Colleague: 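Here you go, one structure.
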Amino acid sequence: MTGANGFKVNAFRRAARASEGESNDLAAWAREDRGRLQTIDGIGLSTANHIVELVTLGRIPDLDTLRGQVPSGLPELLTLQGLGPKTVKVLWESAGITSLEELDSAIDAGRLAEIPRLGPKSIANLRLAVKARIASGNAPRRYRLGEAVPQAESLLARLRLAKGTIRAQFAGSARRGRETVGDLDLLVASTDPGAAQTAFVTLPGVARVLAGGETRASVQLENGLQVDLRVVEDQAFGAALLYFTGSKDHNVRLRERAISRGMRLNEYGLFVEAEPGGEPPSVPVSAHTEEEIYRALELPFWPPELRESSALDSFDTTPSLVELSDIKAELHAHTTASDGELTIDELAQLAKSRGFHTIAVTDHSRASAQANGLSVERLLRHIGMIREAEARVGGIRILAGSEVDILADGRLDYDDETLARLDIVVASPHTALRQDPEAATRRLVAAIRHPLVHILGHPTGRIIQGRDGLSPDMAKLYEAARESSTAFEVNSHWMRLDLRDVHVHGAVAAGCLVAIDCDIHSAADADNLRYGVATARRGHLTAASCVNAWPSATLHAWLASKH
Ligand code: DGT
Ligand code: CA
Ligand code: CA
Ligand code: ZN
């Protein structure tokens, strides 16, 4: 908007994404060892200096200067569908528009018609975007993965019934398994694009149509979520899926790779570059599947969860990430004894129906009084009932466990003698989640190193879009966990996803074990496993380091090693 050099703008974007995806504590590097910042792919000297400023001064002087050059309501306009920096600049300079409200009244007054860059169709689409934003309370909201994915699947189920549909899939950040998504991106291969379009805009739950065209449409659902649809030919579905899965960064790198091999990659396929003076070839080298395109670019297939910002040469072969079907045990579940909805038997049946060999009953400990945590006496009786249930149900190991509170000072909520009676101990922080990083580090390290603890449950206690939770020095936690063979939980609930993806990556790189669990309180919670698995995959977790993917004997040997 200020006319800055595009390469410089992109360098900042790249650095922002690189630091967002970094599992190391960049603030510590900025204070102690600033040269190390530049070892991160995407961070150069100038952006490293700005990170140091941000950490040491609490602000970036250049950014303050830039903010001073632009009206404060203007950057928000960039978050509207269809508005890029060049158009926003024109709106500002030739129509004096500096905020959403001013844009809204300018559209209503018909004042945009005189602006050169904007045709009637763009103005109509912009009007819908502005009205939708104002209707949704002015905030560009992001939706949590577990709020968006079920929506995507029910929309796809209906689109698959439309005449001419061959395949249909969701792409975008939802497919990459990001913890929040800005909008949904649906892709349909169809022999009858008109039928797909009609089916789309008349889907139940659609509140308004934001934009339409021959092969594309955008709608807003009643809950405010925006959904973009692309209809493509089946022959080019792979290329479109690759393009719309993103991330933009990954796409840019793939395109560079194609160019370096004399090819051109776009949403329609991978093409051989035209001979000088010749016609561009209309038949792609590959376009039908993503796998073919990666192969033609001489790259291993990149799982969608890894398509964020890593350089393309980070793998020689496809990393064999943990998969949903690898999970054979649930190690964190509650029953009616504390705050769960299921009985021990119902829980066991649920786990059996998923093909699991083991289910751990881990009700809350006494400090979680609001969750009806168990006194020592109740716990001892509960262990007896779990043993009886195991004998009664059959065909599955039912472990007697506890989700024991980690008190603010790092002590556990039951004494060691009580804990020693259990098959599995999940230790979790539930209170004092605002304590300072040093205290949080001491607290969590103490729990990790406790000889009877197997799993550190939802380690930071964060709630996505709710609370930040603890921010311990993760490197110290990784070290303690590796030395004591304690696993970090990835809590699969889409409000938690804790550990988060970048911390899973840090733990995996440090050689730690990870447990992916659903923290089951009701039967539906078991369906959240996919989000936990996606988060773990974003953190490069393999089945070998995931305790829930181990065969029964390996899992039980690890559990027994803690006595
Ligand atoms: P979101 O919706 O903010 O959570 O994130 P995405 O990644 O789903 O982004 P979205 O919905 O804007 O676009 C979906 C994908 O389409 C994106 O990941 C990559 C591709 N794409 C969209 N616009 C561009 C673009 O201008 N350049 C490139 N290279 N790719 C784009
Ligand atoms: Ca999206
Ligand atoms: Ca989109
Ligand atoms: Zn729990």
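Just so you know, these numbers come straight off a predicted model, no measurement behind them. Order of listing sets the numbers, starting from 1, for every ligand and every atom in it. Quick note: numbers below take in every heavy atom, side chains included, and nothing from hydrogens, waters or symmetry partners.
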Colleague: Hey, what's the ring geometry for His521 with His334, parallel, tilted or perpendicular (30° and 60° as the breaks)?
Modeller: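 Parallel, since the angle between the ring planes stays under 30°.
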Colleague: What N/O/S atom of His332 gets nearest to the Zn ion (ligand 4)?
Modeller: NE2
Colleague: Confirm or rule out an N/O/S atom of His458, from backbone or side chain, lying less than 2.8 Å from the Zn ion (ligand 4).
Modeller: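 So His458 does not count as coordinating the Zn ion (ligand 4).
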Colleague: Quick one: does Glu76's side chain get under 4.5 Å of Arg133's, heavy atoms only?
Modeller: yes
Colleague: Determine yes or no for a side-chain-to-main-chain donor-acceptor pair under 3.5 angstrom, with Glu267 supplying the side chain and Ala240 the backbone.
Modeller: no
Colleague: Quick one: report the N, O or S atom of His334 that is nearest to the Zn ion (ligand 4).
Modeller: NE2
Colleague: Is there side-chain contact between Thr362 and Leu422, with heavy atoms separated by less than 4.5 Å?
Modeller: no
Colleague: Is the side chain of Thr486 donor-acceptor paired with the backbone N or O of Ile448 at a distance under 3.5 Å, no angle test?
Modeller: yes
Colleague: Give a yes or no answer on whether the side chain of Ser368 reaches the backbone of Gly373 with a donor-acceptor pair at less than 3.5 Å.
Modeller: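 No: the side chain of Ser368 does not pair with the backbone of Gly373.
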Colleague: Check each protein residue for a heavy atom under 4.0 Å from ligand 1 and list those that pass, ordered by chain and number.
Modeller: Arg142, Gly172, Ser173, Arg176, Val181, Gly182, Asp183, Asp185, Tyr243, Phe244, Thr245, Gly246, Ser247, Lys248, Asn251, Arg255
Colleague: Please answer whether the main-chain N or O of Val376 pairs with a side-chain N or O of Arg366 as donor and acceptor at a distance below 3.5 Å.
Modeller: no
Colleague: To the nearest 0.5 Å, tell me how far Arg216 CZ sits from Leu186 CG.
Modeller: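 These two atoms lie 14.5 Å from each other.
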Colleague: For Asp519, what is the atom name of its N, O or S atom nearest to the Zn ion (ligand 4)?
Modeller: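 This residue's closest N, O or S atom turns out to be OD1.
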Colleague: Restricting to N/O/S atoms, is His364 within less than 2.8 Å of the Zn ion (ligand 4) or not?
Modeller: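 No, His364 does not qualify, because none of its backbone or side-chain N, O or S atoms lies under 2.8 Å.
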Colleague: Using 30° and 60° as the class boundaries, would you call the ring planes of Trp302 and His250 parallel, tilted or perpendicular?
Modeller: tilted
Colleague: Looking only at N, O or S atoms, find the one in Glu403 nearest to the Zn ion (ligand 4) and name it.
Modeller: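 When I compare the N, O and S atoms of Glu403, OE1 is nearest to the Zn ion (ligand 4).
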Colleague: Any donor-acceptor pair under 3.5 Å linking the side chain of Asp413 with the backbone of Ala367?
Modeller: yes
Colleague: Near the Ca ion (ligand 2), meaning under 3.0 Å, how many protein N/O/S atoms are there?
Modeller: 3
Colleague: If you draw the axis of the six-membered ring of Phe301, does the NZ or CZ of Arg307 fall within 45° of it and under 6.0 Å from the ring centre?
Modeller: yes
